Undergrad: 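Here it is: the structure, laid out below.
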Amino acid sequence: MATATRQDDASEDTVTATESIQGVLDALDDAECRAILEATTGDSMTAAEIADECDLPSSTAYRKIDLLDDADLLTEELRIRRSGKHVSEYACAVDDVTLSVDEGGVELSVSRTDAAAATDLPHPFAD
């Protein structure tokens, strides 16, 4: 059975689980998902801000955010507002994705952004 492993370097993951690799590839194959990753590279954005920036309907933006979140390509944090209506904001969680294919199988290496690597939250690709 394929497994997912986490490298010693806290900012790079190696993924060998077929479902995890496919999820990342599906997200990166989607032009709207790539636009969201580009938009959230500099600053965190709410779903509404992402929809505006990427010229997407809200329902599409939420669906694409879910796809990127499931593939662990976005980080999600809570934006605290004085009004008490807190909202999730999203940021690109990766700097680089590399796909390798050899006689040992398929392997996906994901280099995390500094902010994503620094979180203390459990990582879905961790053992």
Side-chain angles (χ1 to χ4, degrees):
M1 180 173 169
T3 61
T5 59
R6 184 160 175 123
Q7 297 283 345
D8 291 334
D9 179 7
S11 66
E12 186 169 315
D13 300 314
T14 301
V15 182
T16 55
T18 304
E19 299 90 23
S20 298
I21 291 173
Q22 192 60 52
V24 171
L25 294 177
D26 288 346
L28 293 176
D29 188 42
D30 186 299
E32 293 166 336
C33 286
R34 291 191 308 271
I36 291 170
L37 288 175
E38 289 174 19
T40 57
T41 295
D43 293 318
S44 297
M45 302 174 84
T46 66
E49 292 167 342
I50 290 169
D52 288 343
E53 177 73 22
C54 297
D55 195 28
L56 298 171
S58 285
S59 60
T60 300
Y62 278 105
R63 194 170 57 252
K64 302 301 179 174
I65 288 168
D66 285 343
L67 181 63
L68 289 164
D69 188 46
D70 290 346
D72 201 37
L73 298 175
L74 284 181
T75 58
E76 179 180 1
E77 293 186 8
L78 193 62
R79 183 183 291 178
I80 307 297
R81 294 184 173 169
R82 290 180 189 252
S83 66
K85 293 188 175 191
H86 310 311
V87 64
S88 291
E89 62 182 10
Y90 305 90
C92 181
V94 295
D95 284 326
D96 187 51
V97 177
T98 305
L99 181 68
S100 303
V101 180
D102 61 21
E103 63 276 351
V106 177
E107 183 176 277
L108 188 77
S109 297
V110 180
S111 297
R112 301 276 162 209
T113 61
D114 291 337
T119 64
D120 293 331
L121 298 174
H123 190 279
F125 297 146
D127 288 333

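All of these numbers come straight from a predicted model, not from anything done at the bench.
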Undergrad: Count the heavy atoms belonging to other residues, nucleotides or ligands that lie under 6.0 Å from CG of Asp102, then report whether that count exceeds 12.
TA: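 It does: Asp102 CG has more than 12 such atoms within range.
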Undergrad: Working to the nearest 0.5 angstrom, can you tell me the gap between Ile50 CD1 and Asp55 CG?
TA: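 Between atom CD1 of Ile50 and atom CG of Asp55 there are 14.0 Å.
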Undergrad: State, to 0.1 Å, how close Glu53 and Ala39 come at their nearest heavy-atom pair, and which atoms those are.
TA: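 Taking Glu53 first and Ala39 second, the nearest heavy atoms are CG-CB, 3.8 Å.
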Undergrad: If you look at every heavy atom in Ser44 and Arg79, which pair is closest and at what distance?
TA: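 Smallest interatomic distance, heavy atoms only, reads O-NH2, 3.7 Å.
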Undergrad: Could you check Asp96 against Thr98 for side-chain contact (heavy atoms from CB on, under 4.5 Å), going step by step and ending with a plain yes or no?
TA: CA-CA 7 Å; Asp96 187 51; Thr98 305; 3.2 Å; yes
Undergrad: Which heavy atom of Val94 sits nearest a heavy atom of Arg112, and at what distance?
TA: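 Closest heavy-atom pair between Val94 and Arg112: CG1-NH1, 3.4 Å.
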Undergrad: Roughly how far, to the nearest 0.5 Å, is the CG atom of Leu56 from the CZ atom of Arg63?
TA: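 It is 9.5 Å, given to the nearest 0.5 Å.
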Undergrad: Would you compute the distance between atom OH of Tyr90 and atom CD1 of Ile65 and round it to the nearest 0.5 angstrom?
TA: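 Going from OH on Tyr90 over to CD1 on Ile65, the span is 5.0 Å.
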Undergrad: Which heavy atom of Glu76 sits nearest to which heavy atom of Ser88, and what is that distance?
TA: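 Between these two residues, the closest heavy atoms are OE2-OG, 2.7 Å.
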Undergrad: In Å, rounded to the nearest 0.5 Å, how long is the span from CZ of Arg34 to CG of Leu68?
TA: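 Output value for this atom pair is 11.0 Å.
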Undergrad: Identify, with sequence neighbours excluded, every residue that meets salt bridge (charged side-chain N to carboxylate O under 4.0 Å, His left out) alongside Asp30.
TA: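 For Asp30 the salt bridge (charged side-chain N to carboxylate O under 4.0 Å, His left out) partners, ignoring immediate neighbours, are Lys64.
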Undergrad: Closest approach of Val101 and Val106, non-hydrogen atoms and distance?
TA: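 Smallest heavy-atom distance, with atoms named: CG2-CG2, 4.2 Å.
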Undergrad: Can you give me the closest heavy-atom contact between Thr60 and Glu32, atom names plus distance?
TA: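 Heavy atoms only, the tightest pair is CG2-OE1, 3.7 Å.
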Undergrad: Examine distances only and state if a side-chain atom of Thr40 and a backbone atom of Cys92 form a donor-acceptor pair shorter than 3.5 Å.
TA: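 Checked: pair present.
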Undergrad: Determine yes or no for a side-chain-to-main-chain donor-acceptor pair under 3.5 angstrom, with Gln22 supplying the side chain and Glu19 the backbone.
TA: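 Not at all, since once roles are kept as given, no pair shorter than 3.5 Å links the two residues.
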Undergrad: To the nearest 0.5 Å, what is the distance between CG on Leu78 and NE2 on His86?
TA: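 So the gap between those two atoms works out to 6.0 Å.
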Undergrad: Sequence neighbours left out, what passes side-chain contact (heavy atoms from CB on, under 4.5 Å) with Leu67? Give chain and number order.
TA: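 Result, side-chain contact (heavy atoms from CB on, under 4.5 Å) vs Leu67: Ala27, Cys33.
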Undergrad: For residues Tyr62 and Ile36: do they belong to one hydrophobic cluster (side chain heavy atoms under 4.5 Å, members Ile, Leu, Val, Met, Phe, Trp, Tyr)?
TA: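 They do not share one cluster, since no chain of ILVMFWY contacts under 4.5 Å joins Tyr62 to Ile36.
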Undergrad: Is there a side-chain contact (heavy atoms from CB on, under 4.5 Å) between Leu37 and Leu74? Walk through the geometry before answering.
TA: CA-CA 8 Å; Leu37 288 175; Leu74 284 181; 4.0 Å; yes
